[in-house]
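Each ligand, and each atom within it, is numbered from 1 in the order the structure gives. Since the model is a prediction, treat every value here as computed from it, not as a measurement.
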Amino acid sequence: MFFITTAIDYPNGKPHIGHAYEKILADVLTRYRRLKGEEAYFLTGVDQHGQKMVKTAEAEGVNVATLTKRNTKVFLKLWEKLDVSYDGWAETTDARHQACVQAILTELEEKGSLYKKSYAGYYSVRQEQYLTDRDRNEDGEFGPEWGEVEEREEENWYFKLSAHATWLKSTIESDALKIIPEFRKTEVLNAIERASETDLCISRPKERMSWGIPLPFDPEFVTYVWFDALINYISFAGYRKSDGSDFPEFDTLWPADLQIIGKDILVPAHAIYWPCMLHAMGFEADEMPTLLVHGFWNVRGDKMSKSLGNIIDPAELADKFGVDTLRYYLCRDIHSGKDSDFDPERLVMLFNTELANDLGNLLNRSINMTKGFCNSTISSTDTDNEEDRALRESLAQSTEAYIKAMNHCEVSVALQAINDHVTHCNGYLERHKPWEMKKDETQLPRVGEILSHTAESCAHLALLLSPILPAAAEKIFSQLKKEKLNKMTLNELQWGLLEAGHQTGKPKPVFPRIQIEKKESD
Ligand code: MSP
């Protein structure tokens with residue numbers, strides 16, 4: 001079973017296109033696995049504890065539990081709107097997750113992996129962590145990225161992170177814990193030594209912060225939010241589940257094949273804390289999930305933030321331009337692991353050119369002309385001439401390139417492969433001009449063959465596109481009167497999906513052009 005997890009979100013504030021991208025990417029890769037005929041399980045959710053939640057609740061004058069519920073609903077509604085279809089939903093205030101975290105803490109404490117000590121130092125309220133001199137900038141100050149920094153002295157519980165540093169280094173060096181893309185691996189290796197110099201503080205005194213999971217062996221403390229949240233990846237997969245729980249069977253899921261995270265939470269949380277935590281629990285190097293690290297969506301070069309007021313709301317975009325438009329843009333315009341700049345004009349331009357003009361037109365012309373010139377009837381595509389062979393070869397190459405790219409989680413490269421064949425097909429139609437040829441009745445059989453080649457191509461392209469644009473793929477299959485192709489897997493894919501004599505349906509634009517209202521001054 002292919003198991004994908006994503007970094008769960010803080011349910012404080014509004015979700016933005018960065019969050020939406022991550023879940024859409026995971027959804028696309030899950031759907032792709034199913035398209036390959038594999039079983040797949042996608043777990044995501046919300047990280048509900050921590051000081052940020054408490055502070056937001058205080059600022060809004062609401063109870064933190066009420067705020068948590070309210071904000072969680074926003075995420076749930078968004079994923080539904082964006083066709084993000086997950087199998088497991090993790091909420092860290094869930095009692096079953098709490099029981100799992102406590103069971104793990106008890107085991108680690110019994111094993112001697114945890115200890116209590118007093119510590120005095122500088123504390124970043126925003127990042128919810130103690131800082132060291134290494135976190136100071138060149139001027140010797142703690143930079144604005146740390147937010148408010150205060151001096152604190154308190155007793156806390158620590159996890160012996162440093163005991164796992166040597167193991168972690170060799171596990172990453174040997175790729176037993178694989179990090180994609182490759183350049184992120186170097187970043188992690190450089191960070192290991194530094195991050196494991198100090199152990200990880202895993203508690204917060206209850207008197208200061210009570211919105212968390214109580215330590216089972218010292219109830220005056222709650223669990224540090226990262227320690228709690230990271231465990232969602234196994235608790236909701238059935239780790240240490242209680243009898244009668246409806247969680248999955250852990251052995252069927254773990255190790256997860258992919259953990260999808262953004263670059264900001266690679267170091268130290270996912271590449272250092274998490275593997276060391278797993279190792280301390282008894283998981284071995286070959287049980288570490290691969291980390292797929294994506295880049296950031298920025299806005300005119302700036303990070304999206306409430307303070308800059310540049311948060312781009314995915315729900316608004318989906319309402320305005322359609323879910324498929326947004327899914328297409330987010331998958332198409334970011335390249336593996338790199339950052340990208342959100343540009344609404346590019347979103348419209350890419351949709352209008354690549355979907356409305358190129359693919360949409362190819363489909364529309366194929367079905368429309370098949371209806372007008374061939375009584376909606378597909379002809380045999382078992383032909384033997386150079387142009388037809390080249391088209392079939394182009395499709396085979398695009399399909400191969402698509403599979404290779406999707407296997408490497410490079411969705412934008414896969415879309416390029418699809419678009420290459422669309423371009424080939426449109427060129428083929430332009431060269432043959434079936435709309436001219438049909439004027440000579442003796443040419444009608446050839447017209448049928450030509451249109452059937454492009455209609456057949458559309459069926460293939462819809463199947464390849466289905467993980468990315470599930471709704472559009474369904475519409476294409478429906479116009480081709482081949483609804484059952486929606487259930488087809490990649491290994492069943494072969495030339496001849498539309499058999500000779502098959503009747504296609506009515507053409508209707510699947511990607512109607514987005515008209516941008518012109519300002520009067522334009
Ligand atoms: N709650 C933690 C994750 C805990 S996982 C055990 C968290 N939440 S978050 O809401 O800040 O981020 C959720 C995910 O969205 C992270 O993977 C993060 O990298 C990603 N993104 C946040 N901003 C982003 C962009 N601007 N662009 C793309 N992804 C971004 O971290």
Nearest-neighbour protein heavy atom for atom 26 (N) of ligand 1, which is reported as residue plus atom name and distance: Trp297 O, 3.0 Å
Test item, Lys303 contacting ligand 1 (heavy atom, 4.0 angstrom): no
Trp274 to ligand 1, any heavy atom closer than 4.0 Å: no
Protein contact of atom 29 (N) of ligand 1 - nearest heavy atom, named by residue and atom, plus distance: His294 CE1, 3.1 Å
Tyr10, any N or O under 3.5 Å of ligand 1 N or O: yes
Enumerated ligand 1 atoms positioned under 4.0 Å from heavy atoms of Gly295: 28 (C)
Tyr21 touching ligand 1 at heavy-atom level, < 4.0 angstrom: no
Minimum-distance pair of heavy atoms, taken over all atoms of Ala20 and Pro314: CB-CB, 3.7 Å
Approximate separation, where rounding is to 0.5 Å, of Glu193 CD and Ile272 CD1: 10.5 Å
Atom 22 (C) of ligand 1 [closest protein heavy-atom partner, distance rounded to 0.1 Å]: His16 CE1, 3.8 Å
Aromatic ring pairing His270/Tyr233, orientation class (parallel under 30°, perpendicular over 60°, tilted between): tilted
Arg240 to Phe247, cation-pi by 6.0 Å centre distance and 45° axis angle: no
Heavy-atom nearest option to atom 1 (N) of ligand 1, drawn from Asp47, Thr5, Ile334: Asp47
Heavy-atom nearest neighbour in the protein, as seen from atom 19 (O) of ligand 1, with distance rounded to 0.1 Å: Asp264 OD1, 2.5 Å
Closest approach of any protein heavy atom to atom 28 (C) of ligand 1, naming residue and atom: Gly18 CA, 3.4 Å
Steps toward side chain to side chain donor-acceptor pair (under 3.5 Å) verdict (Ser162, Asp199): CA-CA 6 Å; Ser162 47; Asp199 285 335; 2.6 Å; yes
Proximity of Asp9 to ligand 1 by residue part, where a heavy atom lies under 4.0 Å: both
Atom indices of ligand 1, in the order listed, that fall short of 4.0 Å to a heavy atom of Ala229: 6 (C)
Interfacing atoms of ligand 1 (cut-off 4.0 Å, heavy-atom, Glu22): 14 (C), 15 (O), 16 (C), 17 (O), 20 (C)
Heavy-atom pair of closest approach, residues Leu114 and Phe217: CD1-CZ, 3.6 Å
contact_flag Ala269 ligand 1 heavy-atom lt 4.0 Å: no
Atom 2 (C) of ligand 1: the protein heavy-atom neighbour that sits closest, reported with distance to 0.1 Å: Ile8 O, 3.4 Å
Geometric cation-pi criterion, Lys117 with Tyr158: 6.0 Å, 45°: yes
Protein heavy-atom partner closest to atom 5 (S) of ligand 1 - residue, atom, separation in Å: Tyr233 OH, 3.3 Å
